[in-house]
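Below: the structure, in structure tokens.
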Amino acid sequence: MSEIMKNLKVIFMGTPDFSVNVLNSLVYTTNVIGVVTKPDKLVGRKQVLTESAVKKVALENNIKVIQPTKIRNEYQSIIDLNPDIIITCAYGQFLPKEILDYPKYGCINVHASLLPKLRGGAPIHKAIIDGYTTTGITIMYMGLKMDNGDIISQKSIEIEKTDNVGTLHDKLSLLGAELLIETLPNIISGQINRIVQNEEEVTFGYNISREDEHIDFNKTKIEVFNHIRGLNPWPVSYAVLDDEEIKIYEVIIGEDIYKEKSNGEIVKLYKDGIGIKVSDGEIILKTIKPSGKKKMSVKDYFNGFQEKNNLIGKVFR
């Protein structure tokens, strides 16, 4: 089987950092004949044209790179490479039927959830935000609809209280690469049991919107805690204080309850934290980024105040 794997003609489709471990594992074990990724984009204030993480790996390994703007209209160059299998991971576009029907071993997707839970583009963020204690990787056949194809294999991982979207992202990226390489020989040999997804169990993890980033202090302390760590370190949650947007990276759950205070109100200042009233108690801010400033600890933030006690009673919106 190792010789068959080495000769397997693979086209890989992916774009962000999450996909890199999967591509590297395929480069090591198969014959990657092409990489499809999103077009280079302008990034930052200086608008620097930037390659995707996947493109950089492809160029380092002298692999042909294809960057269609709309793959549904620009797929012929992919088919012309005559792949045995197409593998996608966080590519970001729906594949047309012409591509899905072409490869001998099909089109396979590496998805960062235990389908049918959390279909969509932000399953890692939403797993934490929605309070999941377990998530994982699904290897699946691709379909015409979003993440609705038959399941081939799955592996779960615990979401720890100390996880944020960054740490969970890295764990799942490694797990995805590992499970794919374990599963590929069975796909090639036909020794798989296709599992049709139960549509009654479907949930979604849609891409994060600007509205999703705003913190609602009317929620419970565990909901606010999960929301903030589910967006750290990107795109980062925020709230507004005195018309200034403050990004909030890290919080801990407090023990005090302030029934007579307003949700979002600053109720207590600690040596290195800001206590804020939520629906069932207190959340303590630990790491923030005020507008126009760098990310900092709350302890450092206090250094900018002559009378930090004036913060008491102000309300985050």
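Just so we're clear, the structure is a prediction, and the values are computed from it rather than from any experiment. The chain is numbered in sequence order, starting from 1.
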Would you please say whether a donor-acceptor pair under 3.5 Å links the side chains of [X] and [Y]?
X: Gln154; Y: Thr138; answer: yes
X: Asn218; Y: Asn263; answer: yes
X: Tyr75; Y: Asn73; answer: no
X: Thr287; Y: Ser297; answer: no
X: Ser153; Y: Thr183; answer: yes

Distance in Å, [X] [atom1] paired with [Y] [atom2], rounded so as to fall on 0.5 Å steps:
X: Ile157; Y: Thr134; atom1: CD1; atom2: OG1; answer: 9.5 Å
X: Ile139; Y: Tyr141; atom1: CD1; atom2: OH; answer: 11.5 Å
X: Leu168; Y: Asp163; atom1: CG; atom2: CG; answer: 5.0 Å

- Task: Measure up the Tyr301 and Phe305 rings against each other and bin them: parallel (under 30°), tilted (30 to 60°), perpendicular (over 60°).
- Result: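 Tyr301 vs Phe305 ring planes: perpendicular.
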- Task: Name the orientation class of the two ring planes belonging to Phe18 and His169 (parallel below 30°, tilted from 30 to 60°, perpendicular beyond 60°).
- Result: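 Perpendicular.
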- Stepwise side-chain contact (heavy atoms from CB on, under 4.5 Å) test for Thr88 and Ile86: CA-CA 7 Å; Thr88 72; Ile86 292 175; 4.2 Å; yes
- Item | Note: Asp150-Arg194 ion pair, threshold 4.0 Å (strictly below) |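 Looking at Asp150 and Arg194, the cut-off is met.
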- Query: Would you say the side-chain atoms of Asn164 pair up with the backbone N or O of Gly166, donor to acceptor, closer than 3.5 Å?
  - Reply: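 Side chain of Asn164 to backbone of Gly166, a donor-acceptor pair under 3.5 Å: yes, one is there.
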- Do side-chain atoms of Ser19 reach the backbone of Cys89 as a donor and acceptor pair under 3.5 angstrom?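 Checked: pair present.
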- Using the salt bridge (charged side-chain N to carboxylate O under 4.0 Å, His left out) rule, take Arg119 and Glu199 through it: C-alpha gap first, then chi angles, then the decisive distance, then the call. CA-CA 11 Å; Arg119 293 179 181 176; Glu199 294 294 324; 2.9 Å; yes
Validate the cation-pi geometry between [X] and [Y]: distance from NZ or CZ to the six-membered ring centre under 6.0 Å, angle to the ring axis within 45°.
X: Lys308; Y: Phe302; answer: yes
X: Lys6; Y: Tyr28; answer: yes
X: Arg210; Y: Tyr238; answer: yes
X: Lys295; Y: Tyr249; answer: yes
X: Arg72; Y: Phe94; answer: no

- Check whether more than 12 heavy atoms from other residues, nucleotides or ligands sit under 6.0 Å from atom NZ of Lys9, and answer yes or no.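 Yes, NZ of Lys9 has more than 12 neighbouring heavy atoms, counting only those of other groups under 6.0 Å.
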- Query: Does atom CZ of Phe316 have more than 12 heavy-atom neighbours from other groups under 6.0 Å away?
  - Reply: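 For Phe316, atom CZ is crowded (more than 12 foreign heavy atoms under 6.0 Å).
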- Message: side-chain contact (heavy atoms from CB on, under 4.5 Å) for Leu184 and Met5? Distances and angles first, verdict last.
- Response: CA-CA 8 Å; Leu184 266 178; Met5 285 280 284; 3.9 Å; yes
- Partners of Thr220 by side chain to side chain contact (heavy atoms under 4.5 Å, CB included), sequence neighbours excluded?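 If we apply the side chain to side chain contact (heavy atoms under 4.5 Å, CB included) test to Thr220, skipping adjacent residues, the hits are Ile222, Glu223, Ser279, Asp280.
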- Pairing residues for Asp212 by the side chain to side chain contact (heavy atoms under 4.5 Å, CB included) criterion, not counting sequence neighbours: Ile208, Ser209
- Hey, mind stepping through Glu182 and Lys155 against salt bridge (charged side-chain N to carboxylate O under 4.0 Å, His left out) and telling me if it holds? CA-CA 11 Å; Glu182 287 178 7; Lys155 187 172 284 189; 3.3 Å; yes
- Can Ile283 be reached from Ile312 by stepping across I, L, V, M, F, W or Y side chains whose heavy atoms are under 4.5 Å apart?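 Yes, Ile312 and Ile283 fall within the same hydrophobic cluster.
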- Message: Please say yes or no: joined through hydrophobic side-chain contacts below 4.5 Å, possibly via intermediate residues, are Ile78 and Val35 part of one cluster?
- Response: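 Result: no, two separate clusters.
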- Item | Nearest heavy-atom neighbours spanning His214 and Ala239 |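 For His214 and Ala239, the tightest heavy-atom pair comes out as CD2-CA, 4.3 Å.
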- side chain to side chain donor-acceptor pair (under 3.5 Å) filter on Asp40, not counting sequence neighbours, yields Lys55, Gln67
- Task: Evaluate the side-chain contact (heavy atoms from CB on, under 4.5 Å) criterion for residues Lys64 and Leu81: first the C-alpha distance (whole Å), next the side-chain angles of each, then the deciding distance (0.1 Å), finally the verdict.
- Result: CA-CA 10 Å; Lys64 180 180 179 63; Leu81 291 176; 4.0 Å; yes
- Query: What do the steps show when you test Val54 against Asp17 for side-chain contact (heavy atoms from CB on, under 4.5 Å), and what is the final call?
  - Reply: CA-CA 7 Å; Val54 162; Asp17 290 344; over 6 Å; no
